[in-house]
Amino acid sequence: IVGGITLLEPLGGEEWPVTPKTRLIRYTTAGTITNIDLKYSSNGGSTYSLIASKTHAAPGTFSHTWATMPDATTLQARVKVEDQNNPSVVFVQSGIFRVIPVFDITQPEAGHVVTAEGSYTINWTPQGTGVATVRLQYSTDGGSVWTTIGTVTNSGAYSWNPTPATITGQGKVRVLDPTNPTVPNPTINAGAGLFEIRGKLTLVIPSDGTQLWLVNDQRYITWIKQGNFAGAGHSLRLLYSANNGSTFPTTVATGVAAAN
């Protein structure tokens, strides 16, 4: 007659981020099992390494905080709980679960401004080893629809050029492990809050103050735009100053299309 062990957590199918290292391995024992070994496999159970050894004076439900969880990510993780005195007979192992990386995006986040059709450096802090490349994606609608920027080296920085033309206050960026086929977890790989993608106008003529324009003459005002102003429902208002820009009391035109 031998005792028994039942594993409660993990069971298989979970995604455990490499940080924070606060995950619980939970199990129950029955019978006269006093010495337990907790073990971990990163290769689907082919080999195991020791997590911890535990001693229990009586049967019951127990847990172990896995503070030594490896930083190495894997899609083939398993945990095994076994009787030290009869490990080949009294043991239980989990199904396959994943130990996944964490990407702490530092920019862009809430309150940041990204210029449309320009360049911007995306920064993130990768946590977890074994992830050589990452997939960067952005959303202009708060995260409902995502567009891939590219698959890049997991260096913690990427020059995003060009940025989208869409003008919006609902921008988000996320970083993904391209080897993980599951749905991304927004708590560990998407920037906090929403950022703005803002249009930009650069005046071309007049620009440097050296032009000489005659009274009642007709001149073209020209500019370069960045961003889809029409798509955002924006038009332009042209103003005129006669005091070096201290005030702009005169409206030249309103409702002007930015593409003009």
Side-chain angles (χ1 to χ4, degrees), residues 103-124 134-152 156-176 178 183-211 213-260:
F103 303 105
D104 179 15
I105 298 174
T106 54
Q107 69 172 39
E109 289 191 302
H112 292 187
V113 175
V114 174
T115 300
E117 296 183 290
S119 62
Y120 187 90
T121 300
I122 301 171
N123 288 333
W124 68 95
V134 294
R135 183 174 297 133
L136 301 179
Q137 295 183 331
Y138 74 90
S139 174
T140 58
D141 59 6
S144 296
V145 178
W146 294 90
T147 301
T148 296
I149 299 170
T151 299
V152 304
Y158 177 76
S159 179
W160 186 12
N161 187 11
T163 55
T166 303
I167 296 173
T168 179
Q170 301 287 311
K172 287 188 78 69
V173 161
R174 70 183 181 186
V175 183
L176 309 177
V183 177
N185 184 338
T187 64
I188 61 174
N189 61 14
L194 302 172
F195 62 86
E196 179 185 359
I197 301 177
R198 182 183 297 175
K200 180 180 179 181
L201 298 168
T202 303
L203 191 62
V204 177
I205 298 175
S207 60
D208 59 5
T210 61
Q211 294 87 356
W213 288 10
L214 300 177
V215 174
N216 293 326
D217 200 0
Q218 179 175 319
R219 297 282 182 169
Y220 283 103
I221 300 170
T222 63
W223 60 86
I224 297 172
K225 76 169 184 73
Q226 291 175 233
N228 185 357
F229 284 78
H234 296 177
S235 60
L236 306 184
R237 181 173 61 190
L238 307 183
L239 303 175
Y240 167 70
S241 173
N243 56 13
N244 199 32
S246 295
T247 60
F248 286 84
T250 303
T251 298
V252 177
T254 60
V256 178
N260 283 354

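These numbers come from a predicted model, not from an experiment.
Residues V173 and W160 have side chains in contact (heavy-atom distance under 4.5 Å, counting atoms from C-beta outward). A 4.5 Å side-chain heavy-atom check between Q107 and F195 finds every atom pair outside the cut-off. Within the 4.5 Å cutoff, the side chain of Y120 has no heavy atoms near those of the T115 side chain. Side-chain contact between W146 and K172: present, with at least one pair of heavy atoms (C-beta onward) separated by less than 4.5 Å. You'll find the side chain of V256 reaches within 4.5 Å of the side chain of W223, heavy atoms only. Taking the side chain as every heavy atom from C-beta outward, V204 and I224 approach each other to under 4.5 Å. In this structure, L239 and T251 have side chains that are in contact, with non-hydrogen atoms separated by less than 4.5 Å. Proximity of V152 to L136: side-chain heavy atoms (C-beta onward) are separated by under 4.5 Å at one or more points.
Taking both residues in full, the closest heavy atoms of S144 and S139 are given as N-OG, 3.9 Å, listed atom of the first, atom of the second, then distance. Taking every heavy atom of both residues into account, Y138 and I149 meet most closely at CD2-CG1, 3.6 Å. What you find for L194 and G142 is that their closest heavy atoms are CD2-CA, 3.9 Å. In plain terms, the two heavy atoms of G227 and A116 that are nearest each other are CA-CB, 3.6 Å. Annotation for V114 and P108: closest pair CG2-CB, 4.1 Å, computed over non-hydrogen atoms. For G231 against N228, the heavy-atom pair with the smallest separation is N-OD1, 2.8 Å.
Under the 3.5 Å distance criterion, the side-chain polar atoms of E109 are left unmatched by any main-chain donor or acceptor of G191. With hydrogens and angles disregarded, a donor-acceptor distance shorter than 3.5 Å links the side chain of S241 to the backbone of T247. In terms of modelled atom types and a separation under 3.5 Å, the side chain of S119 and the main chain of N161 share no donor-acceptor contact. At distances below 3.5 Å, at least one donor-acceptor pair connects side-chain atoms of T168 with backbone N or O atoms of T140. Remark: the backbone N or O of G169 is not paired with any side-chain donor or acceptor of E196 at under 3.5 angstrom.
The CD1 atom of I205 sits 7.5 Å away from atom CH2 of W213, with the distance rounded to the nearest 0.5 Å. A distance of 9.5 Å separates CH2 in W124 from OG1 in T106, rounded to the nearest 0.5 Å. With rounding to the nearest 0.5 Å, the separation of NZ in K225 from CD in E117 is 5.5 Å. Rounded to the nearest 0.5 angstrom, R135 CZ and R174 CZ are separated by 10.0 Å. For the atom pair CZ of F103 and CG of L176, the computed distance is 7.5 Å after rounding to the nearest 0.5 Å.
Under a cut-off of 6.0 angstrom, the local environment of CG in N243 is crowded, with over 12 non-hydrogen atoms contributed by other residues, nucleotides or ligands.
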